[in-house]
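Below you'll find the structure, written out as structure tokens, and then a few comments.
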Amino acid sequence: MKQISTQVVIVGAGPAGMILALLLEMAGVDCVVLERRARDDVLARIRAGVLEPSAVEFLRESGLVTRLDRLGRPRNGSRIAWQDRPSMMIDVKRWTGTEMMAYGQTFLTEDLYAQSDVLGTRLFEEVDHLKIEGIDSSRPTLEFWTPKGNLHITCDYVIGCDGSRGHCVTLIPEAKRQIFKRVYPFGWLGILAETPPVDDFTYIYHSEGFALATQRGPNLSRYYVQTPLDQGIEAWPDDRFWETFLHRAPKDLAEQVVTGPSIEKSLAPLRSRVVEPMRWGNLFLAGDAAHLVPPTGAKGLNLAISDVRLLSRALLAHYQDGTDELLDRYSEDALRRVWTASNLSWRLTRLLHVFPGEPAIDARLRLCDYEELLENEDLQRVLARDYAGVSST
Ligand code: APR
Ligand code: PHB
């Protein structure tokens with residue numbers, strides 16, 4: 001078995017793992033990345049695509065994302081449309097002076113992989129049978145299988161960026177970790193269509209369920225509808241999808257929508273999950289490995305970016321300045337932001353979705369919340385700041 005020694009091993013080459021690897025490498029920290037899937041599978045994933053102002057600034061400054069300003073589309077905020085009531089803007093520009101950016105996670109991942117080719121990142125793909133030991137010792141070890149042969153790695157730190165079903169979280173002894181969870185009783189069915197998108201990202205509340213209109217490019221639209229969990233994707237041919245979406249959308253929006261055949265369709269259950277702590281011994285968790293939020297609010301990718309931003313700073317302080325204060329504070333610092341974003345995602349999800357079997361009073365209370373939001377600029381400001389992630393950076 002081939003033996004390697006390195007400073008940092010990153011498990012998982014999604015956005016969290018790749019951004020961290022590139023930041024470390026550019027600063028001269030030696031690292032190795034392990035990815036269970038083949039590159040084409042990782043690059044084919046369609047996920048959310050809205051970046052907070054601080055994520056945009058960070059990605060721009062890092063130089064990792066070459067096409068951000070060419071392919072990204074600045075957004076002043078997003079619209080909420082409510083059945084039989086006026087719409088409102090979550091006006092990020094007005095209340096924070098900053099802008100969001102629509103930039104598909106797929107573009108971001110392509111940029112990161114391209115950059116890793118340039119830097120010659122040591123990325124092992126299609127790894128399997130991963131065994132990690134000695135996480136509470138000063139030299140953890142990893143053993144795994146790859147199509148090119150088996151490997152044994154010794155390192156200083158293991159970073160778990162292995163997503164929501166990852167293995168790394170299980171290395172924290174059960175008695176030492178707490179996992180906070182909520183499973184929502186519905187999912188989002190999303191489609192991608194090669195049609196011109198509507199002007200505004202629009203979150204739609206309708207008594208039959210939530211819907212959302214977003215975009216990926218000048219001729220690439222993404223739409224979602226809230227769906228029951230007992231119906232699979234096969235129950236949603238394009239005609240049914242469009243009929244449902246257009247029925248839930250307000251008239252002015254429905255008139256703007258250009259329908260067309262879906263080029264991708266996916267069904268995602270909605271879940272919230274937070275793991276505490278995000279560090280155990282020489283293991284650090286980042287991104288979906290440590291937390292999941294429902295997509296209402298588009299916080300998943302932004303949290304992954306803010307985690308690795310904190311972690312890269314902390315690891316560089318360790319290797320370059322010999323100080324561990326930031327590493328020791330990582331879990332606490334990251335979790336503060338994670339909880340704020342989880343709270344926003346929960347508030348928006350609760351406001352905009354119909355919960356199956358809910359008592360009639362809930363719909364009235366939701367309307368009450370919305371009407372208060374329409375009338376109260378203080379609430380609008382708080383929502384805009386939380387949506388932009390400004391209050392918590
Ligand atoms: N060994 C190696 N790689 C693994 C393992 C394993 N045992 N288990 C999982 N992985 C890989 C997955 O194949 C995936 O490519 O870890 C990667 C995790 O990537 P993501 O799921 O994209 O998670 P993350 O990088 O944290 O990015 C968060 O993705 O899920 C969205 O909404 C979320 O946008 C957010 C972003
Ligand atoms: C998306 O573009 O897919 C998207 C945008 C905003 C959200 C969720 C998803 O809140």
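Only this structure's heavy atoms are used, side chains among them; waters, hydrogens and symmetry mates stay out. Since we're looking at a predicted model, the values are computed, not measured. All ligand and atom numbering here is 1-based and tracks the order in the structure.
Salt bridge status for Glu99 with Arg73: absent, with no side-chain N to carboxylate O gap under 4.0 Å. The pair Arg139-Asp156 meets the salt-bridge criterion, since a charged nitrogen lies less than 4.0 angstrom from a carboxylate oxygen. Contact check on Asp199 versus Arg79 returns no salt bridge, with no Lys/Arg side-chain nitrogen under 4.0 Å from an Asp/Glu carboxylate oxygen. Using a 4.0 Å cut-off between charged nitrogen and carboxylate oxygen, Arg122 and Asp30 count as a salt-bridge pair.
Close contacts between ligand 2 and Ala298 involve ligand atoms 6 (C), 7 (C), 10 (O) [criterion: under 4.0 Å to a heavy atom]. The contact set between ligand 2 and Val50, taken as ligand atoms under 4.0 Å from a residue heavy atom, comprises 5 (C), 6 (C). Those atoms of ligand 2 with a heavy atom of Gly49 less than 4.0 angstrom away are 1 (C), 2 (O).
Between atom 10 (O) of ligand 2 and the options Tyr103, Tyr203, Phe201, the minimum heavy-atom separation is to Tyr203. Compare Thr214, Leu348, Leu301, Val293 by their heavy atoms: the one nearest to atom 1 (C) of ligand 2 is in Thr214.
The aromatic rings of Tyr370 and Trp82 lie parallel to each other, their planes meeting at an angle below 30°, with 60° marking the opposite boundary.
Scanning for ring pair (Phe, Tyr, Trp, His ring centres under 6.0 Å) contacts around Trp145 gives an empty result, with sequence neighbours left out. Under the side-chain hydrogen bond (donor to acceptor under 3.5 Å, both in side chains) criterion, Arg45 pairs with no residue, sequence neighbours left out.
You'll find the ring centres of Tyr387 and Trp95 outside the 6.0 Å limit.
Considering backbone and side-chain N/O atoms, Tyr224 comes within less than 3.5 Å of an N/O atom of ligand 2. Backbone and side-chain nitrogen or oxygen atoms of Arg216 are examined, and one is located within less than 3.5 angstrom of a nitrogen or oxygen of ligand 2. At under 3.5 Å, a nitrogen or oxygen of Gly297, whether backbone or side chain, sits near a nitrogen or oxygen of ligand 2. Ligand 2 has an N or O atom lying under 3.5 Å from an N or O atom of Pro295, backbone or side chain.
Listed by first then second residue, pairs satisfying side-chain hydrogen bond (donor to acceptor under 3.5 Å, both in side chains) with a partner in residues 351-361 read Trp188-His353, Glu358-Arg366, not counting sequence neighbours.
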Report all N/O contacts between ligand 1 and the protein shorter than 3.5 Å as a table of atom names and distances to 0.1 Å; if there are none, say 'none'.
{"from": "ligand 1", "atom 1": "3 (N)", "to": "Arg36", "atom 2": "N", "distance (Å)": "3.0"}
{"from": "ligand 1", "atom 1": "13 (O)", "to": "Glu35", "atom 2": "OE2", "distance (Å)": "2.6"}
{"from": "ligand 1", "atom 1": "13 (O)", "to": "Arg45", "atom 2": "NH2", "distance (Å)": "3.2"}
{"from": "ligand 1", "atom 1": "15 (O)", "to": "Glu35", "atom 2": "OE1", "distance (Å)": "2.7"}
{"from": "ligand 1", "atom 1": "15 (O)", "to": "Glu35", "atom 2": "OE2", "distance (Å)": "3.1"}
{"from": "ligand 1", "atom 1": "15 (O)", "to": "Arg45", "atom 2": "NH1", "distance (Å)": "2.9"}
{"from": "ligand 1", "atom 1": "15 (O)", "to": "Arg45", "atom 2": "NH2", "distance (Å)": "3.0"}
{"from": "ligand 1", "atom 1": "22 (O)", "to": "Arg47", "atom 2": "NH1", "distance (Å)": "3.0"}
{"from": "ligand 1", "atom 1": "25 (O)", "to": "Pro15", "atom 2": "N", "distance (Å)": "3.3"}
{"from": "ligand 1", "atom 1": "25 (O)", "to": "Ala16", "atom 2": "N", "distance (Å)": "3.0"}
{"from": "ligand 1", "atom 1": "26 (O)", "to": "Asp288", "atom 2": "N", "distance (Å)": "2.8"}
{"from": "ligand 1", "atom 1": "29 (O)", "to": "Arg47", "atom 2": "NH1", "distance (Å)": "3.0"}
{"from": "ligand 1", "atom 1": "29 (O)", "to": "Gln105", "atom 2": "NE2", "distance (Å)": "3.3"}
{"from": "ligand 1", "atom 1": "30 (O)", "to": "Arg47", "atom 2": "NH1", "distance (Å)": "2.8"}
{"from": "ligand 1", "atom 1": "30 (O)", "to": "Asp288", "atom 2": "OD2", "distance (Å)": "2.4"}
{"from": "ligand 1", "atom 1": "34 (O)", "to": "Gln105", "atom 2": "OE1", "distance (Å)": "2.5"}
{"from": "ligand 1", "atom 1": "34 (O)", "to": "Leu301", "atom 2": "N", "distance (Å)": "3.2"}

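Of the residues Val158, Leu285, Leu283, Ile159, the one that meets the side-chain contact (heavy atoms from CB on, under 4.5 Å) test with Val11 is Val158.
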